[in-house]
Amino acid sequence: MKKQFFFSALLLAGLAFGGTALTSCSDDDDTTTNGPTTGQGETDAADLDYTAENAQSWRNYALQVAKLLQTDAQTLYTSWNSQYVLNGTTGPAYKETFKSHNSSDYATAWDCVKTIIDKCVEITDEVGNTKIGDPYNKYMAGQTTEALYAVESWYSFRSREDYSNNIKSIRNSYYNSMDNSTISANSLSKVVESIDPALNTRVIAAINKAEADILAIPQPFRNNIGDPQVPVAQSSCLALGDILDIDLRRCLQTALNNGSLQDAQLDPVVNDYVDNVVLPTYKSLSEGSAALTQAVQAFYNNPTNDTFSDACEAWKVAREPWEKSEAFLFGPVDALGLDPNMDSWPLDQVAIVNILNSGNFDDLNWTDGESDDEIEAAQNVRGFHTLEFLLFKNGEPRTVPTE
C-alpha cells in the first residue's frame with residue numbers, strides 16, 4: 001500500500017464518519033459525462049452513489065480503472081518473468097537479475113536474502129504501525145473521522161483479510177511455498193532450522209500469532225477501531241518484525257561469518273523464492289486482474305445487481321494475490337511506480353468527484369517526466385481502492401437504481 005494523506009480534502013468534501021467515498025472509471029470509446037452534482041452545480045461527496053443520472057460516467061470510470069489495473073499487473077508479471085523495460089531500455093527478466101546476483105544491486109546470494117528479510121520487516125511495520133496503528137491512535141485521540149479514513153479497504157469491509165494476507169506474504173517468503181502446510185527444502189525456514197531450530201520455531205510461531213491476532217479483531221475493522229484486540233494485533237506484527245530484523249538476520253550473518261553457512265547454500269533459497277513464491281503470486285495477480293476487467297466490462301455492458309455483485313467477487317479474487325505480494329515490494333513494482341498505481345490509499349475523493357463531473361479520464365494517466373505532484377495526483381484516482389469504492393458500499397455490492 002502506498003500511503004497518501006488526504007484528510008483535509010476528505011473533510012472539505014463533507015464526508016461523515018461511516019459514510020461512503022468515491023472512485024470510478026471510464027471506457028476509452030465513451031466520454032459521456034453525467035457527473036454527480038447537486039442542483040447548485042456543486043458535488044456533495046457524502047451523498048454520492050450510483051444513480052441513473054451518473055450511471056454512464058460511473059461505469060466509464062470503473063472500466064478504465066479496471067483496464068489500468070490489468071495493464072499494471074501484466075507489466076509486473078512480464079517484468080519478472082520475461083523482459084524488464086526500465087526507462088525505455090529492455091533488459092532481461094528481473095528473475096534472472098535476482099537469481100544470478102552478479103550485479104551492483106545483488107552481488108551475492110546473501111544480498112538477495114537480506115532484501116527478502118528487509119521487505120518482510122517493512123510490511124510488519126506497515127501493517128502494525130500504519131494499517132492498524134494509525135487508525136487506532138487517531139481513534140484513541142478522539143479523531144474519529146480521521147481514524148475511519150485511515151482504515152484501508154473499509155469500503156469492502158476487507159481490511160482484516162488484507163492485513164492477514166500481508167502476513168501470509170511473509171510466511172510464503174519464509175517457507176518458499178504458497179501452501180502454509182508445506183515448507184520447501186530450499187527455504188529460509190530450513191536453513192534456519194539447520195542452524196538454530198529454536199529460532200525457526202519462534203519465527204513460525206510469530207508469523208502464526210500475527211495472522212491470528214489480526215483475524216481476531218471484530219469484523220469489520222472500521223467499526224471496531226477502538227477494540228482491545230486492535231493493539232494486541234499491532235504488537236504481534238511489530239514483535240514479528242523484531243524477530244525477523246534482529247534475530248533472523250543475526251543468525252544468518254553469524255553463520256556466514258563463522259563459516260557454518262556458505263553463500264552458495266543460499267542460492268537454492270533465492271531460486272525457490274522466485275519460482276515458488278514471486279512468480280506464482282504475480283501470475284495470479286495478472287490473471288485475476290484480467291478476470292476483474294472482464295467482470296467490470298460485463299457490468300458496463302449490462303448494469304444489474306448481479307453484474308455489480310460479480311464484479312465485487314472478481315475484485316476480491318484479484319485483490320488477494322496483490323496483498324500476498326506486499327512482502328516483496330522491490331524491483332519492478334517499485335521502480336515502475338506500480339505500487340502506488342495499484343494501491344494508493346487513502347483516495348483523493350475530491351479529485352475523483354471532479355473527474356466524474358468533467359469526464360476527463362486522462363487524469364488517471366501519467367508519464368515519465370511529469371512532476372512528482374502530477375504523478376501522485378494521477379495515482380490517487382485509480383487502482384484497487386478507487387474500484388473498490390465504485391463497486392462496494394458498506395461491505396456489500398452496490399445496487400442499480402430501481403425503476
Side-chain angles (χ1 to χ4, degrees), residues 1-4 65-109 111-123 126 165-166 169-170 172-173 176 178 269-290 292-293 318-345 364-370 372 375-376 378-380 382-385:
M1 173 189 68
K2 178 66 174 180
K3 188 76 173 178
Q4 305 291 349
V65 172
K67 289 178 177 179
L68 289 170
L69 272 170
Q70 180 181 354
T71 297
D72 287 338
Q74 180 60 56
T75 297
L76 184 51
Y77 180 55
T78 298
S79 297
W80 270 88
N81 189 56
S82 54
Q83 63 178 23
Y84 180 31
V85 181
L86 180 63
N87 298 324
T89 301
T90 301
Y94 201 78
K95 67 181 180 182
E96 304 300 339
T97 299
F98 200 67
K99 285 181 177 182
S100 62
H101 51 75
N102 57 5
S103 65
S104 57
D105 291 331
Y106 310 111
T108 65
D111 287 338
C112 298
V113 169
K114 284 190 292 185
T115 297
I116 295 170
I117 296 172
D118 287 345
K119 295 305 174 180
C120 287
V121 171
E122 283 181 18
I123 194 59
E126 183 173 319
N165 280 331
N166 291 162
S169 72
I170 297 172
N172 293 347
S173 299
N176 275 353
M178 303 286 283
V269 173
V270 174
N271 290 340
D272 273 18
Y273 172 75
V274 171
D275 293 339
N276 295 358
V277 179
V278 177
L279 291 179
T281 301
Y282 284 152
K283 185 173 186 288
S284 293
L285 176 64
S286 181
E287 293 171 345
S289 298
L292 174 58
T293 298
R319 179 77 178 160
E320 182 174 332
W322 170 260
E323 291 303 303
K324 288 182 177 178
S325 77
E326 291 214 38
F328 36 95
L329 292 178
F330 66 92
V333 70
D334 179 40
L336 299 178
L338 298 176
D339 178 12
N341 270 6
M342 302 175 76
D343 202 37
S344 285
W345 178 265
L364 279 64
N365 300 294
W366 60 272
T367 59
D368 290 335
E370 293 187 69
D372 290 345
I375 293 172
E376 185 175 289
Q379 291 170 328
N380 281 281
R382 58 189 283 179
F384 272 111
H385 294 301

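Just so it is clear, the model here is predicted, and its values are computed rather than measured.
For the residue pair Q74/T78, the side-chain donor-acceptor check at 3.5 Å is satisfied. The closest side-chain donor-acceptor pair between T293 and Q70 falls under 3.5 angstrom.
Nearest heavy atoms, S100 versus E96: OG-O, 2.7 Å. Contact record, L364 with R382: O-NH1, 2.9 Å, taken as the closest heavy-atom pair. Here the shortest heavy-atom pairing between A109 and V270 reads O-CG2, 4.0 Å. Contact between T281 and P321 at its shortest, heavy atoms only, is CG2-O, 3.3 Å. Minimum interatomic distance between V65 and G383 (heavy atoms only, all atoms of both residues): CG1-O, 3.3 Å.
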**Request:** Assess whether side chain to side chain contact (heavy atoms under 4.5 Å, CB included) is satisfied between D111 and T108, documenting all intermediate values.
**Result:** CA-CA 5 Å; D111 287 338; T108 65; 3.3 Å; yes
**Message:** Test side chain to side chain donor-acceptor pair (under 3.5 Å) on S103 and D105; report intermediate values, then the result.
**Reply:** CA-CA 5 Å; S103 65; D105 291 331; 4.9 Å; no
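Side chain of E370 to main chain of T367: a donor-acceptor pair is present (N/O by atom type, distance under 3.5 Å, no hydrogens or angles).
With sequence neighbours excluded, no residue satisfies side-chain hydrogen bond (donor to acceptor under 3.5 Å, both in side chains) with Y84. Qualifying side-chain contact (heavy atoms from CB on, under 4.5 Å) partners for T89, counting only residues two or more places apart in sequence or in other chains: none. The ring-ring contact (aromatic ring centres under 6.0 Å, His included) check on Y106 picks up F98, with sequence neighbours excluded.
Ion pairing of K119 with D334 is absent here, as no side-chain N (NZ or NE/NH1/NH2) approaches a carboxylate O to less than 4.0 Å.
Between the OG1 atom of T97 and the CH2 atom of W80 there is a distance of 9.0 Å, given to the nearest 0.5 Å. For the atom pair S286 OG and L69 CG, the distance stands at 11.5 Å (nearest 0.5 Å). The distance from atom CE of M342 to atom CZ of R319, rounded to the nearest 0.5 Å, is 9.0 Å. Taken from SG in C112 to CD1 in I117, the straight-line distance is 11.5 Å, to the nearest 0.5 Å. In this structure, OH in Y282 is found 12.5 Å from CG in N81, a value given to the nearest 0.5 Å. Note that the CE atom of M178 and the OG atom of S169 stand 10.0 Å from one another [nearest 0.5 Å].
Counting heavy atoms of neighbouring residues, nucleotides and ligands inside a 6.0 Å radius, atom NZ of K283 does not exceed 12 of them.
By the 4.5 Å heavy-atom criterion applied to side chains, V113 and Y273 are not counted as neighbours. In this structure, L329 and E122 have side chains that are not in contact, with every pair of non-hydrogen atoms separated by 4.5 Å or more. The closest side-chain heavy-atom distance from E323 to D343 is below 4.5 Å. Side-chain contact between V277 and F328 is present, with at least one heavy-atom pair separated by less than 4.5 Å.
Residue N341 forms a side chain to side chain contact (heavy atoms under 4.5 Å, CB included) with just one option from L68, V333, D72, and that option is D72.
Checked against the 6.0 Å centroid criterion, the rings of W322 and Y77 do not qualify as a close aromatic pair.
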